[in-house]
Amino acid sequence: MQLYTYYRSTSSYRVRIALALKGLAYASMPVNLLAGEQRQPAYLAIDPQGRVPALALEDGQILIQSAAIIEYLEECYPQVPLLAADPVLRARARGIAALIGCDIHPLHNVSVLNRLRTQGHDEAQVQEWIAAWISQGLAAVETLIGDHGYCLGAQPGLADVYLVPQVYAAERFKVSLAAWPRISRVAALATGHPAFAQAHPACQPDTPP
Ligand SMILES: N[C@@H](CCC(=O)N[C@@H](CS)C(=O)NCC(=O)O)C(=O)O
């Protein structure tokens with residue numbers, strides 16, 4: 001498989017974690033979002049929306065959208081499951097994933113921030129926008145996760161696949177995690193896990209030196 005990815009894209013980071021947790025090999029196909037490669041015709045032929053990630057399967061078929069890609073991996077490679085057997089726990093994990101993937105991340109995506117800038121908002125206003133949405137969302141996540149281990153149990157799962165990249169984005173945008181001890185605990189735990197370490201933005205082929 002080939003993963004079209006950008007080192008600090010949180011959506012790509014999610015898929016990298018899922019692939020690593022499941023022990024699946026893939027080739028990284030870096031797309032430089034700062035250079036606008038996602039809007040070039042060659043990449044639009046892969047994802048007409050011009051976003052990463054995209055996953056090319058071994059038969060050449062291409063999947064887009066991190067949620068759909070992770071669901072595909074879960075269905076095809078269930079040996080290391082990201083979802084519990086219990087339907088309620090599955091729904092809780094999907095709820096946290098949707099909260100982050102639908103209600104936090106899209107509001108600080110690069111194209112949204114650039115639209116704010118072209119509308120005349122200065123960097124302080126853009127920063128306030130980012131911090132407001134991340135803080136509101138992570139405050140809710142803090143109440144939805146448990147007091148021990150990963151978000152919803154002793155093993156990492158779908159909620160962690162979404163939360164750890166969102167924590168990375170919070171730190172990148174200088175949003176303090178101090179008010180959220182459970183989230184901080186999960187992030188610290190993930191730091192010591194080889195799959196999360198392998199997927200981290202700091203050690204991707206396109207990570208700047
Ligand atoms: N809902 C999509 C979001 C994908 C997305 O917004 N990716 C960002 C990077 S995290 C991107 O490619 N941005 C490029 C742009 O906005 O031009 C997913 O989960 O895959």
Side-chain angles (χ1 to χ4, degrees), residues 1-22 24 26 28-57 61-76 82-83 93-119 121 126-127 129-131 133-134 137-138 141 157-175 196 199-208:
M1 293 187 281
Q2 295 175 315
L3 180 66
Y4 292 86
T5 172
Y6 177 60
Y7 76 103
R8 68 180 181 191
S9 143
T10 53
S11 313
S12 304
Y13 189 3
R14 288 173 203 152
V15 176
R16 295 197 302 259
I17 296 169
L19 285 161
L21 283 170
K22 289 177 176 292
L24 299 170
Y26 65 95
S28 282
M29 309 293 284
V31 180
N32 188 332
L33 300 187
L34 281 189
E37 285 178 6
Q38 73 277 27
R39 292 187 295 275
Q40 296 301 314
Y43 189 71
L44 291 175
I46 291 162
D47 178 355
Q49 196 189 6
R51 302 271 176 111
V52 288
L55 185 71
L57 306 180
Q61 295 192 81
I62 291 170
L63 305 180
I64 62 163
Q65 289 284 338
S66 62
I69 295 170
I70 293 167
E71 199 169 323
Y72 166 85
L73 295 174
E74 183 71 356
E75 286 170 358
C76 292
L82 299 177
L83 288 166
R94 287 178 169 133
I96 293 170
L99 193 165
I100 294 169
C102 304
D103 298 342
I104 304 179
H105 169 260
L107 292 164
H108 64 70
N109 187 28
V110 62
S111 53
V112 169
L113 301 183
N114 285 341
R115 181 65 64 98
L116 290 175
R117 291 177 180 116
T118 58
Q119 288 182 347
H121 297 276
V126 171
Q127 178 59 33
W129 166 277
I130 297 167
W133 294 116
I134 292 180
L138 288 186
V141 172
L158 185 71
D160 307 286
V161 163
Y162 274 73
L163 179 59
V164 170
Q166 188 57 57
V167 165
Y168 168 80
E171 287 173 334
R172 182 180 154 215
F173 289 122
K174 311 256 181 299
V175 176
F196 286 88
H200 195 277
C203 53
Q204 300 310 303
D206 58 331
T207 306

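Each ligand, and each atom within it, is numbered from 1 in the order the structure gives.
- Counting only heavy atoms of the protein, atom 9 (C) of ligand 1 lies nearest to Ser9 OG, 3.5 Å.
- For residues 30-57, the set of pairs meeting the side chain to side chain donor-acceptor pair (under 3.5 Å) definition, not counting sequence neighbours, comprises Gln49-Gln65, Arg51-Ser111.
- For the atom pair CG of Leu63 and OH of Tyr4, the computed distance is 12.0 Å after rounding to the nearest 0.5 Å.
- Between the side chain of Trp129 and the backbone N or O of Leu107, at least one donor-acceptor pair lies under 3.5 Å.
- When heavy-atom distances to ligand 1 are checked against a 4.0 Å cut-off, Asn109 comes that close only through its side chain, counted from C-beta outward.
- Residues Ser12 and Thr5 come closest through the heavy atom pair CB-OG1, 3.4 Å.
- Residue-ligand proximity, Gln38 to ligand 1, at heavy-atom distances under 4.0 Å covers atoms 14 (C), 15 (C), 17 (O).
- Of all protein heavy atoms, the one closest to atom 19 (O) of ligand 1 is Ser66 OG, 2.6 Å.
- Considering only non-hydrogen protein atoms, atom 2 (C) of ligand 1 sits nearest to Gln65 OE1, 3.0 Å.
- Residue-to-ligand polar distances place Val52 within reach of ligand 1: an N/O pair is separated by less than 3.5 Å.
- With Glu74 contributing its side chain and Leu82 its backbone, the two residues share a donor-acceptor pair below 3.5 Å.
- Within ligand 1, counting atoms from 1 as listed, the ones closer than 4.0 Å to a heavy atom of His105 are 5 (C), 6 (O), 10 (S).
- Remark: ligand 1 and Thr10 share no N or O pair separated by less than 3.5 Å (distance only, no angle test).
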- Message: With side-chain contact (heavy atoms from CB on, under 4.5 Å) as the criterion, how do Arg94 and Leu83 come out once you've worked through the C-alpha distance, each side chain's angles and the decisive distance to 0.1 Å?
- Response: CA-CA 9 Å; Arg94 287 178 169 133; Leu83 288 166; 3.5 Å; yes
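- Using a 4.0 Å cut-off to heavy atoms of Pro53, the atoms of ligand 1 that qualify are 20 (O).
- In terms of heavy-atom proximity, Ile96 sits nearest to Val141 at CG2-CG1, 4.3 Å.
- For ligand 1, the atoms lying closer than 4.0 Å to a non-hydrogen atom of Val110 are 13 (N), 14 (C), 15 (C), 16 (O), 17 (O).
- Not a single heavy atom of Gln49 sits less than 4.0 Å from an atom of ligand 1.
- When hydrogens are left out, the protein atom nearest atom 11 (C) of ligand 1 is Arg51 CD, 3.5 Å; that is the closest non-hydrogen contact.
- Taking every non-hydrogen atom of Arg14 and a distance limit under 4.0 Å, the qualifying atoms of ligand 1 come out as 19 (O).
- Contacts classified as side chain to side chain donor-acceptor pair (under 3.5 Å) and involving residues 159-173 (residues at least two apart or in different chains) are given here: His108-Gln166.
- In plain terms, the two heavy atoms of Val31 and Tyr6 that are nearest each other are O-CD1, 3.2 Å.
- Contact annotation: Gly101 has no heavy atom less than 4.0 Å from any atom of ligand 1.
- Any N or O atom pair closer than 3.5 Å counts here, and Ser111 shares at least one such pair with ligand 1.
- In terms of protein heavy-atom proximity, atom 3 (C) of ligand 1 is nearest to Ser11 OG, 3.7 Å.
- In Gln119, the CD atom is crowded: over 12 heavy atoms of neighbouring residues, nucleotides or ligands sit closer than 6.0 Å.
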